[in-house]
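Notes to accompany the following structure.
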Amino acid sequence: MLDKNGIAKRIAKEIKDGYYVNLGIGIPTLVANYIPEGINVVLQSENGLLGMGPFPFEGEEDADLINAGKQTITTLPGSSIFDSALSFGMIRSQKIDLTILGAMEVSEYGDIANWKIPGKMVKGMGGAMDLVASAKNIIVAMQHVNKAGESKLLPSCTLPLTGVKCIKKIVTELAVLDVLPEGGFKLIERAPGVSVDYIRQATAGKLYADDDVPEMAFG
Amino acid sequence: MLDKNGIAKRIAKEIKDGYYVNLGIGIPTLVANYIPEGINVVLQSENGLLGMGPFPFEGEEDADLINAGKQTITTLPGSSIFDSALSFGMIRSQKIDLTILGAMEVSEYGDIANWKIPGKMVKGMGGAMDLVASAKNIIVAMQHVNKAGESKLLPSCTLPLTGVKCIKKIVTELAVLDVLPEGGFKLIERAPGVSVDYIRQATAGKLYADDDVPEMAFG
Amino acid sequence: MINKVVSGPEEAISDIENGQTLMLGGFGLCGIPENCINALVKKGVSGLTCISNNAGVDDFGIGLMLQQRQVKKMISSYVGENAEFERQLLSGELEVELIPQGTLATRCMAAGYGMPAIFTPAGVGTEVAEGKEVRNFNGKDYLMEYAFEADFALVKAWKGDTAGNLIFRSTSRNFNPVMAMAGKVTIAEVEELVEAGSLDPDHIHTPGVFVHRIFQGKGYEKRIEQRTVRTRN
Amino acid sequence: MINKVVSGPEEAISDIENGQTLMLGGFGLCGIPENCINALVKKGVSGLTCISNNAGVDDFGIGLMLQQRQVKKMISSYVGENAEFERQLLSGELEVELIPQGTLATRCMAAGYGMPAIFTPAGVGTEVAEGKEVRNFNGKDYLMEYAFEADFALVKAWKGDTAGNLIFRSTSRNFNPVMAMAGKVTIAEVEELVEAGSLDPDHIHTPGVFVHRIFQGKGYEKRIEQRTVRTRN
């Protein structure tokens, strides 16, 4: 079973040389720490930056330079700044190759819910609805089951949707799964030491698994 | 009867302090020479400039700095450069206070034709259709009659339209006229020495004139 | 050039009235019009509809206006980090319309570009789409979203000139340029106000034609919401 | 950063094929992609649809491609100043679609912003409106105009870096930034190519993400179409 960093590390393997990538808040942010050496990747922050760098050294924080999670950051050589309309313009026109974000629930048709729990304080969707509606390539980083032990990979979402039929790949603490165009989760890889049966039990939606599902490999 | 510079001089009186103005090609360009002293006006060039200045001194022409008529120009202090989409964005959102352009024909309902003569080579409408469709305040600078002696102020346009019901004021070599909301040209001023009857004869559309129409005053 | 300079935030906002709609630039606490917000709090104008990506924190930014109960409605994409906001929302004192961040930015832009409506796929199939026109282009569904109308837009720039031209610094640009284009009256506060002609025309982010009033602000706090740092090895 | 540098115009345009749709930046002869046009003429690719505000003059710009009969269709707002153009048009060899200048710019922008269509009042009630959807918003009629699709966008910038970021100079900016955003493949030629990190991120007009190939052009003629000057008193 993977921890958050393990999930981030596995997702990082999906990043190809030359990709522009948008990382959501939470586990997706950790992915930046595991981008393979020698790979040129540009991180977009949807408030209006391409070429996001690491956190600043202490004392070098700049209040005018933050990411979409409102964290102080730095820029890398070759970065560019733009307004929020152009930022979502490039998201809608699919110039961003890969979007990685968290989810509360994903359905076996690729619907995603990650912004609202009825009856609880609603903070807002931020840029999530724009991202899931536009991105050509989305990976969800999430826990396979919630704290109550219930599956978050469902036949259909119970929470208000963020987007419909948009998720194609999911990485959890247990597995890597593809969402099949005709519906259903296809088990691609198991976390080290986790059995197909265990994953099947943790998956409420339809799960398809070949006889021989490989364990995840890390770099 | 006015010459081209006279028409331009009379139109310049319509420009108020603080106006952003777009000047079309031909007589409208001449208006810039007669803007009253002490009046702050910013000229827009729709290829992407606010704050157009006079022609450069000989030897100081810059191929990268032209106006919408493709003439070499200069910028004034406080000018700004932008792309053509933003330029027409500010035109559509009516940030330009006054547009002055030429016309082949104007109808008594304020329709304008100034871009195409069927059977002749058509050069294109350039920005004229955008300007007439969006501007809140348009003055047409034109000859009252064509070379064949036919009126260009008509009951309805005979040439393909540039825009409909958009012209509110016309300045010709003979007169200043308003286009009435209910239709018809209202004679506001006569050119020096030109009679109301003369203007009536030169106007094919409905002409309304009070008993006592003043002569134009200049500065 | 046309001189847009006013004496300060009090004069700039003096004609903002109860019940009007304001746009406020900024993302989180980054690039917010601090001086104008403080002047609005002082003036005590109320019943406002505020279009702003976020709602500040309890004791900074729009949060200060919330504490004074000056806001009737927020139109935002994300409103966390604010306990007073939450209290007013749950008690029904405050109305909130949550819309996707890109939709928010693009509806501002649409106003500035004189486009009455735009199409975006954001929110199709979700509760955001309720009551909205859905239209299919090339096999994909889009929502039609209307341009915003705001009585005033309040923006914060780094440098500005007396002709109203604005230059923003780093990611404090965010929503400021699109809101600057969208206000019926746009008020810009800047850290440094210079004479027209001091700024390179090629560097200007917001042409002065969109800005009606400009002043040099004072005492910028520029608070950091999430201070994240790394240590030197 | 992702390196977008190619060796020159020949490599940059090597996969442009007969019958494709190209956008070409520039207004008049100002800010046109001179090197790319010359390479297209040399390559002899034909049957092209060219989206460009103008069509050059007889012996410069797109006029050179017209002389070689490489252009099947022009989509422009103004096509004067070109005798060969006129001859081909009147003889039926060349197809021309004339559209308002703002509509042209905005349809490019729409493609770059992922908006399938936009609304504009330009052309309502004229022959430009024929066959188009008219829609009323707040009492005013607008035409619905579709985003352009172009296989390649060819743009000219002043400075660019190896990451594809572009800075334009003065009014040679014109259509270049909106077309740069709209090409399926965007090729930028620049007067000066610098290393990533040499340009101020706040000064960049076109972020590198929109640019697929970049090279430093040679021998810019930058011809002036209407040389107008005043004399010193």
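Remember, it's a predicted structure, so these values are computed and weren't measured experimentally. First the proteins, then the strands, lettered A, B, ... as listed; each starts at 1. When reading the values below, keep in mind they use all heavy atoms of this one structure, side chains included, and skip hydrogens, waters and symmetry mates.
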Study note, to complete from the structure: Rounding to 0.5 Å, atoms CZ (C/F175) and CG (A/N47) come to a distance of 9.0 Å

Review point. Step by step, would you call A/D130 with C/Q101 a side chain to side chain contact (heavy atoms under 4.5 Å, CB included)?
Key: CA-CA 7 Å; A/D130 306 275; C/Q101 191 175 336; 4.1 Å; yes

Check your understanding: A/E46 versus chain C, heavy atoms under 4.5 Å apart: side chain, backbone, both or neither?
Key -> both

Check your understanding: Of the backbone (N, CA, C, O) and the side chain (C-beta and beyond), which part of C/V178 lies under 4.5 Å from a heavy atom of chain A, both, or neither?
Key -> side chain

Point to revise | Test item: A/F57 and C/V229 side chains (from C-beta on) under 4.5 Å apart, heavy atoms | key: no

Exercise for review: Any chance you could measure C/N174, atom CG, to A/F82, atom CZ, to the nearest 0.5 Å?
Suggested key: 12.0 Å

Exercise for review: Look at C/L90, C/L98, C/T120, C/V128 and state which one has the largest set of heavy-atom pairs under 4.5 Å with chain A.
Suggested key: C/L98

Review point. If you count heavy-atom pairs under 4.5 Å between each of C/N176, C/N82, C/T106, C/L104 and chain A, which one has the most?
Key: C/T106

**Study point:** Heavy-atom proximity to chain A below 4.5 Å, by part of C/D141
**Key:** neither

Check your understanding: Any side-chain heavy atom of C/T103 sitting closer than 4.5 Å to one from A/M129?
Key -> no

Practice item. Considering non-hydrogen atoms only, spot the tightest contact between C/Y78 and A/K70 and give its length. Key: CD2-NZ, 3.6 Å

Point to revise | Residues of residues 92-109 of chain A near chain C, each having a heavy atom less than 4.5 Å away | key: A/R92, A/Q94

**Study point:** Largest heavy-atom contact set with chain A, pairs under 4.5 Å, which of C/K140, C/R223, C/E86, C/M109
**Key:** C/E86

Study note, to complete from the structure: Bottom line for A/T75: the part with an atom under 4.5 Å from chain C's heavy atoms is neither

Review point. Who among A/A63, A/G48, A/P56 has the most heavy-atom pairs with chain C under 4.5 Å?
Key: A/P56

Check your understanding: How close do C/F27 and A/N67 get, heavy atom to heavy atom, and via which atoms?
Key -> CE2-O, 3.6 Å

**Study point:** Nearest-0.5 Å distance, SG of residue C/C30 to CG of residue A/L65
**Key:** 8.0 Å

Check your understanding: Which of the residues A/G126, A/P160, A/G127 is involved in the greatest number of heavy-atom pairs with chain C at under 4.5 angstrom?
Key -> A/G126

Point to revise | Distance, nearest 0.5 Å, that separates NZ of C/K156 from CG of A/D64 | key: 5.5 Å

Practice item. Could you tell me whether the side chain of C/E225 reaches within less than 4.5 Å of the side chain of A/T72, counting heavy atoms only? Key: no

Exercise for review: Determine the option with the most heavy-atom pairs under 4.5 angstrom with chain A, choosing from C/A105, C/A129, C/G102.
Suggested key: C/G102

Exercise for review: Using a strict 4.0 Å threshold on nitrogen-to-oxygen distance, state whether C/R227 and A/E58 make a salt bridge.
Suggested key: no

Study note, to complete from the structure: Of C/R173, C/E127, C/K222, the largest count of non-hydrogen pairs under 4.5 angstrom with chain A goes to C/R173

Revision key, fill the gap. Counting heavy-atom pairs under 4.5 angstrom with chain C, the leader among A/G163, A/S84, A/G124, A/S134 is A/S84

Review point. Are there more than 12 heavy atoms of other residues, nucleotides or ligands under 6.0 Å from atom CG of A/D3?
Key: yes

Check your understanding: Considering residues, nucleotides and ligands other than A/K4, do more than 12 of their heavy atoms fall under 6.0 Å from its NZ?
Key -> no

Review point. Could you state the interatomic distance from CG (A/L49) to OG (C/S170), rounded to the nearest 0.5 Å?
Key: 7.0 Å

Check your understanding: Roughly how far apart are C/S77 OG and A/K123 NZ, rounded to 0.5 Å?
Key -> 13.5 Å

Review point. Which answer fits A/F88, side chain, backbone, both or neither, if we ask what part of it has an atom under 4.5 Å from a heavy atom of chain C?
Key: side chain

Exercise for review: Let me know if C/F85 has heavy atoms under 4.5 Å from chain A in its side chain, its backbone, both or neither.
Suggested key: side chain

**Study point:** Residues, nucleotides or ligands: over 12 heavy atoms within 6.0 Å of C/K218 NZ
**Key:** no

Exercise for review: Pick one of side chain, backbone, both or neither for A/V122, based on which atoms fall under 4.5 Å of a heavy atom in chain C.
Suggested key: both

Revision key, fill the gap. Checked A/K116, A/E60, A/K165, A/M121 vs chain C; the most non-hydrogen pairs under 4.5 Å come from A/M121

Check your understanding: Relative to chain C, which of A/V164, A/D83, A/L161 shows the most heavy atom pairs under 4.5 Å?
Key -> A/D83

Exercise for review: Would you mind checking which part of C/I99 comes under 4.5 Å of any heavy atom in chain A, side chain (CB onward), backbone (N, CA, C, O), both or neither?
Suggested key: backbone

Review point. Is the shortest distance from a Lys or Arg side-chain nitrogen in C/R169 or A/D62 to a carboxylate oxygen in the other one below 4.0 Å?
Key: yes

Check your understanding: Checking heavy atoms, do the side chain of A/D111, its backbone, both or neither come under 4.5 Å from chain C?
Key -> neither

